[in-house]
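Every number for a ligand or one of its atoms is a count from 1 in the order of the listing.
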Amino acid sequence: MSHLTVRSPAKLNLFLKVHGRRPDGYHELRTLFERIDLCDELIFQPEASGRIRISCDDPQVPTGRKNLVYQVAEFLQRMTKSPQGIHIRINKRIPVAAGLAGGSSNAAGAIEGLNTFWQLGMSAEQKTEIGARIGSDINFFLKDTSWALGKGRGEQIHPLDMREKLWHVLVVPRVKMYSGEVFTALQAAPLKTEAGRADLKLTKEKDNANILIHSILQKNITRAQALIWNDLEPAILRVRPSLKNVKESLLKAGIAPVTFSGSGPSVFGCVVAEQQAKRLANVLRKRYSRVFAVRTL
Ligand code: C5P
């Protein structure tokens, strides 16, 4: 095979609840993952030197051992005791360290791509085991699904059989966030309560993702958009207080409610149709340079 191209999409967390800190230091999560049509591209080519070479058109992306794609390739090269080298070119469109899991998605793409390119014949279980070892969000991208519930530290994935697609407006402010920093701040920041959200008052916490899923399945977009939630929000705002202004810009443009994806700084809300998403994205582009109208993939 001379080369192979793999598409590597981003995700949003439409819903994210933290159920406390575990003895291993990670936080126990319940989250609703959504694949979106903002994608990177990975191109696999043989590398005659026998080495692993990563290149990327975005200079912010590390190309050495810090890159999860490198870690996957190194792990698979060792596991298979293969003398084959690989050059993986990453064409980046997903903003880095933004809560959109671009790095994890690239790692999942590397697992799939190398499995094909090196003809490794790995089972789904083997791929999942490698994914969980390398990062919390990777396993979502190893499933062929638009929607999934994530449990544990986010690596336990339960795909949802939903064909529905939603439109979103997504703003990615130019600040980098690292999950570790946000989870540390969570220890100090109280969790936001759901008091005041009348539709949720009588509902047990653990069922809220189910109400959101039910609303999406019923194509009740107005209800679904009102139910997006992220427990990490107070911690994100504690780490970067200026992000409150970004949230307010979206609210002022008429997108409500809005929240962060993952550990931020990406801010998003749901809108009912493509035209509205594109119009509102254009309004926000007057103020922010990284604004996307995105859809479930
Ligand atoms: O697994 P990943 O490398 O994405 O996680 C980065 C950091 O985020 C972890 O080292 C941990 O501090 C924190 N984290 C956490 N609970 C999770 C996921 C991540 O505390 N569920």
Candidate with minimal heavy-atom separation from atom 1 (O) of ligand 1, of G150, S136, G262: S136
Check ion pair D40-K92 (N to O, under 4.0 angstrom): yes
For residues 165-179, which residue pairs pass the salt bridge (charged side-chain N to carboxylate O under 4.0 Å, His left out) check, not counting sequence neighbours? none
Salt-bridged, R295 to D37, with N to O below 4.0 Å? no
Side chains of residues 151-158: which donor-acceptor pairs under 3.5 Å do they make with residues two or more places apart or in other chains?
residue : atom : partner : partner atom : Å
R153    : NH1  : S136    : OG           : 2.9
R153    : NH2  : A132    : O            : 2.5
E155    : OE1  : R153    : N            : 2.9

Heavy-atom contacts with G180 under 4.0 Å: which atoms of ligand 1 show up? List them by number with element. 7 (C), 8 (O), 12 (O)
Quick look: Y26 vs ligand 1, heavy-atom contacts under 4.0 Å, and the answer is both
Check the angle between the aromatic planes of H168 and F268 and answer parallel, tilted or perpendicular using the 30° and 60° thresholds. perpendicular
Are any non-hydrogen protein atoms located under 4.0 Å from atom 3 (O) of ligand 1? no
Using a 4.0 Å cutoff against the non-hydrogen atoms of S179, which atoms of ligand 1 qualify? 6 (C), 8 (O)
I need the atoms of ligand 1 closer than 4.0 Å to a non-hydrogen atom of L29, numbered in the order shown. 21 (N)
Close-contact set for ligand 1 against G25 heavy atoms, below 4.0 Å: 20 (O)
Backbone of P173 reached by a side-chain donor or acceptor of R290 within 3.5 Å: yes
Atom 14 (N) of ligand 1 [closest protein heavy-atom partner, distance rounded to 0.1 Å]: F183 CD1, 3.3 Å
Between N106 and S8, do the side chains contain an N or O donor and an N or O acceptor separated by less than 3.5 Å? yes
Who's the nearest protein heavy-atom neighbour of atom 16 (N) of ligand 1, and how far? H27 N, 2.9 Å
